[in-house]
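Just so you know, these numbers come straight off a predicted model, no measurement behind them. Reckoned from all heavy atoms, side chains included, excluding hydrogens, waters and symmetry mates.
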Amino acid sequence: MGLLAGGYVSVAHALANVVAQSDPKTAALLAPHDGRILAELAWDEFSAAPDPAPDSRQARLAERALMKNATATQALNVLGVQAQLRSQDARANQVFDYAVTLSRRELPPQMWNIEAAVARGDIDGALHNYDVAMRTSEKARTIFFPILASAVAEPLVRRPLMTILSDQSDWARRFIRYVPSRKLDPQVVATFLDEVEAAGLPVHDADRAAVVRGLMDAGLGERAWAYYRSFRSGVRRDHSRDADFELDAAAPAPFDWRPGNAAGLSVGILPEAGGGLLDFSVPPSTRATIVRQAQLLPPGAYRLNGHSSGVDQPARSHPYWTLACNDGRELGRIDLPNSATESGTFSGRFDVPANCPVQLLSLVARASDRVSGVSGQIRDAELVPVNE
């Protein structure tokens, strides 16, 4: 009989540990003498309805848990937060210091340490505790990522943060990707990523492109261009870019070639010996922007030169190049003749006025009644000043 009873206690205790996280109340009934399970129950009840009173049921449960197991950190969390709610900071600090000594994974004491560091004006100390918390807790990342992302606007935060990010922990790599995804001031995000790269840390092209888009959308063309130049070497603002279609960016920036998104449109930048080409196919009876590229051309006269292959349409269905101001004003069109004409050469001129600081160069397909639609390749295309 004693063996049977002992077996029941063992099974009940094991079962209690299984259900402790999801149902602390049931777990406490199964193992009423387990300090850690009592601590989970105390924390669960406190989280549901916080009562700061030192003689509350939550406090009594926490104290019982510690009597059973002095390392039951959830019980310390209850007593520490209760003390904090009673404005007994010295007591809260004492309890949380002990909790941190027992386990670095406990979030409430880490939050307390962060708040205490901020109150002291200790940025390094606060960031150290952020680091500790986010290395050990997924929940901490959910809580702290938005807070930390908002703080990167402050240089006094960014400088020590770069040191921590340089360790390239899992949370650090994820945080670098997280910041560009937030609706923050794009200038702040650009500065943050500049400093990330200066620290020798990797930055994804998709995040760089997102920053350029954000700056352009905010009307900050000059800042967008400056940031773009930081990762696309050799570009000039009085020339279009990637004349030979060599860059097949998974996430193109506005100053790169970007495909249109019309239904059924197929656009690809394909490698070729000595460069690449732009291959396109548009369904019949469809007008679509095939590809486009933002420009910041200074006022003046420009010419577009290039070569096509595979384009064969009646004149009314020829694709065309257009340059338009950001406000929609069209500065002209250049038809793309059939490729059998003059070896597929095309050329034309655009005049950019002073009141048109941002432009969009686009290749547009007119609707065709041919069953095959409109298709072909652009082997090269470049917009340059006429005096070159």
Side-chain angles (χ1 to χ4, degrees), residues 141-142 144-159 161-162 164-165 168 171-242 247-262 267 269 289-298 323-329 352 355-362 383:
R141 298 175 188 183
T142 301
F144 294 143
F145 267 26
I147 298 170
L148 200 56
S150 298
V152 299
E154 175 52 60
L156 290 176
V157 172
R158 284 200 310 274
R159 282 193 286 271
L161 178 61
M162 290 303 152
I164 292 174
L165 296 180
Q168 297 197 53
W171 82 259
R173 291 191 297 271
R174 289 168 59 181
F175 182 73
I176 291 171
R177 302 284 334 257
Y178 176 83
V179 171
S181 73
R182 301 285 292 174
K183 293 187 181 301
L184 302 173
D185 181 342
Q187 297 189 87
V188 169
V189 181
T191 300
F192 171 74
L193 292 185
D194 278 341
E195 294 184 10
V196 166
E197 292 203 82
L201 302 173
V203 174
H204 288 250
D205 278 347
D207 297 331
R208 294 189 184 102
V211 171
V212 178
R213 284 196 303 274
L215 291 166
M216 291 292 284
D217 291 345
L220 301 170
E222 296 294 336
R223 182 67 178 93
W225 178 255
Y227 182 70
Y228 178 78
R229 287 185 61 193
S230 72
F231 63 89
R232 290 276 191 266
S233 60
V235 295
R236 292 173 53 177
R237 65 181 295 167
D238 62 347
H239 285 61
S240 61
R241 285 144 307 282
D242 193 21
L247 176 66
D248 184 15
F255 298 118
D256 296 323
W257 293 116
R258 293 174 295 149
N261 54 10
V267 180
I269 292 178
T289 297
I290 297 168
V291 71
R292 60 199 184 279
Q293 187 183 97
Q295 313 293 328
L296 293 177
L297 301 168
L323 185 67
C325 300
N326 203 39
D327 59 11
R329 282 177 293 149
V352 176
N355 62 351
C356 180
V358 180
Q359 311 88 30
L360 191 64
L361 177 66
S362 306
L383 188 63

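By the side-chain hydrogen bond (donor to acceptor under 3.5 Å, both in side chains) test, Tyr227 is found to be paired with no residue, residues two or more places apart in sequence or in another chain being considered.
Under the 3.5 Å distance criterion, the side-chain polar atoms of Arg258 are left unmatched by any main-chain donor or acceptor of Pro252. Looking at Trp257, its side chain does come within 3.5 Å of a backbone N or O of Asp242 through a donor-acceptor pair. Between the side chain of Gln359 and the backbone N or O of Val352, no donor-acceptor pair lies under 3.5 Å.
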Audit row: Phe192, Val211, side-chain contact (heavy atoms from CB on, under 4.5 Å) steps and yes/no: CA-CA 10 Å; Phe192 171 74; Val211 171; over 6 Å; no
Steps toward side-chain contact (heavy atoms from CB on, under 4.5 Å) verdict (Leu360, Leu323): CA-CA 6 Å; Leu360 191 64; Leu323 185 67; over 6 Å; no
Verdict with supporting geometry, Tyr178 and Arg182, side-chain hydrogen bond (donor to acceptor under 3.5 Å, both in side chains): CA-CA 7 Å; Tyr178 176 83; Arg182 301 285 292 174; 3.1 Å; yes
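A 4.5 Å side-chain heavy-atom check between Leu148 and Phe175 finds at least one atom pair inside the cut-off. With a 4.5 Å cut-off on side-chain heavy atoms, Tyr228 and Asp256 count as touching.
For Ala153 against Val188, the heavy-atom pair with the smallest separation is CA-CG1, 3.6 Å. In terms of heavy-atom proximity, Val152 sits nearest to Val179 at CG2-CG1, 4.4 Å.
When the options Val212, Val203, Leu193 are evaluated for a side-chain contact (heavy atoms from CB on, under 4.5 Å) with Phe231, the one that passes is Val212.
In summary, the side chains of Gln295 and Arg241 do present a donor paired with an acceptor at a separation below 3.5 Å, with no hydrogens or angles considered.
Salt-bridge annotation for Arg177 and Asp207: present, with a side-chain N of the basic residue lying under 4.0 Å from a carboxylate O of the acidic one.
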